[in-house]
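Every value quoted in this text rests on a predicted model; they were computed, and no experiment measured them. Worth knowing before you read on, the calculation uses all heavy atoms, side chains too, and leaves out hydrogens, waters and symmetry mates. Protein chains get the first letters and strands the later ones, always in sequence-line order, with residue 1 at the start of each.
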There are 2 protein chains.
Amino acid sequence: MSQSCRFTVAVHTCTLLGLETDHVLTSEWIAASVNTNPVVIRRILSALNKAGLVCSIRGSNGGSTLARKAEDITLLDIKRAVDTEGPIPLYNQPPNEKCPVARSMQPVLRRVIERAEAAREAVLATTYLSEVIAAVPKV
Amino acid sequence: MSQSCRFTVAVHTCTLLGLETDHVLTSEWIAASVNTNPVVIRRILSALNKAGLVCSIRGSNGGSTLARKAEDITLLDIKRAVDTEGPIPLYNQPPNEKCPVARSMQPVLRRVIERAEAAREAVLATTYLSEVIAAVPKV
DNA sequence: CCGTAATGTAACAGTAACAACTACAGTTAT
DNA sequence: ATAACTGTAGTTGTTACTGTTACATTACGG
């Protein structure tokens with residue numbers, strides 16, 4: 001696998017939570033649907049919790065629920081919660097400062113890449129969890 | 001580094017080639033500007049060559065040049081040339097087929113992610129190498 | 001036609017990120 | 001008290017990528 005699938009699992013998890021609003025779901029139950037280890041789910045849930053998207057109840061009969069309505073959660077909310085990406089490093093080692101081209105490449109590239117990222121995020125920002133839930137057959 | 005900077009290096013390389021159209025540049029020269037190993041540059045150039053973006057001349061006095069005008073090369077061309085990404089796997093292990101939600105998550109997610117990717121690529125597709133070159137001070 | 005300078009690749013080590021897993025401490029209903 | 005569940009630290013295996021060495025191939029220029 002080349003790239004993180006935390007986002008995928010997080011949306012999957014939130015979809016399950018959004019479909020079962022009358023009771024909490026355990027990490028073990030969610031893990032069975034995603035087909036992974038419960039700890040992986042708990043890490044995702046922990047991040048979603050810190051972002052204020054889910055509530056987790058500890059102890060016996062515990063589990064998680066959505067903290068907000070699915071209509072008020074965008075996929076960008078979910079992505080930001082679980083993808084801990086700071087400013088992307090453009091180069092491994094800083095380019096040669098003696099080369100005038102190299103000196104000015106970095107800000108130019110950063111501008112372009114940020115514009116492209118913003119376009120992608122705009123799509124996620126206008127896609128709501130409720131839409132995903134609506135596209136999934138009711139259990 | 002979390003993510004590939006091949007794209008960055010490729011744009012850097014193409015910018016240098018676009019600024020020096022009267023003679024070829026060697027991988028060693030480009031590597032000095034990027035501050036990396038010549039082999040890394042040659043790998044990038046090889047990919048750009050296969051995509052028809054640069055011409056490489058072997059043997060003594062060899063080197064590389066742009067195969068097209070900078071006005072006819074988009075950043076998406078460059079990205080596609082060096083980022084060999086097939087269809088992104090959404091899950092590490094396929095989700096539980098017995099869960100109806102899990103069964104339908106994959107296509108739903110793929111649609112959303114593809115829409116978001118398309119938006120990002122649209123920005124790169126309308127950004128031309130010539131614009132990057134124009135934003136860089138003439139050597 | 002020989003030496004030099006360059007590309008093109010293969011092979012390998014080191015690093016970083018991540019998933020999967022075990023273990024265990026903390027928490028809460030029954 | 002016990003059972004059930006979350007939260008998190010620590011470990012392992014995998015993957016991807018950069019950086020590097022080594023070497024074959026190619027072409028110019030004397």
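Thr126(A) places a side-chain N or O within 3.5 Å of a backbone atom of Ala122(A) that can act as its donor or acceptor partner. Looking at Glu114(B), its side chain never comes within 3.5 Å of a backbone N or O of Arg111(B) through a donor-acceptor pair. A donor-acceptor pair under 3.5 Å is absent between the side-chain atoms of Arg120(B) and the main chain of Glu117(A), judged by distance alone.
Taking atom CG of Leu45(A) as the reference point, atom P of dT8(D) lies 12 Å away to the nearest angstrom. The distance between atom CD1 of Ile41(B) and atom P of dG8(C), rounded to the nearest whole Å, is 13 Å. Atom C1' of nucleotide dA19(C) and atom CZ of Arg6(A) are separated by 10 Å, given to the nearest angstrom.
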Tell me, for nucleotides 19-29 of chain D in 5' to 3' order, what letter each nucleotide earns: B for a base near a protein heavy atom under 4.0 Å, S for only sugar-phosphate near one, - for neither?
BBB---BBBS-
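A heavy atom closer than 4.0 Å to some atom of DNA chain C occurs in no member of residues 25-33 of chain A.
For CD of Gln93(B), the number of neighbouring non-hydrogen atoms (other residues, nucleotides, ligands) closer than 6.0 Å is greater than 12.
Ser56(A) and Arg42(A) share no donor-acceptor pair across their side chains, judged by distance under 3.5 Å alone.
In this view, Arg68(A) and Asp77(A) satisfy the salt bridge (charged side-chain N to carboxylate O under 4.0 Å, His left out) rule, not counting sequence neighbours.
Within the structure, every side-chain polar atom (N or O) of Asn49(B) is placed at least 4.0 Å from both OP1 and OP2 of dT7(C).
For the pair Glu121(B) and Lys79(B), the salt-bridge criterion is not met [side-chain N within less than 4.0 Å of a carboxylate O].
Each of Val24(B), Leu129(B), Leu45(B) was compared with Leu17(B) under the side-chain contact (heavy atoms from CB on, under 4.5 Å) criterion, and only Leu45(B) meets it.
Of the residues near DNA chain D, Gly62(A) and Ser46(A), the one whose nearest nucleotide (by heavy atom distance) lies more toward the 5' end is Gly62(A).
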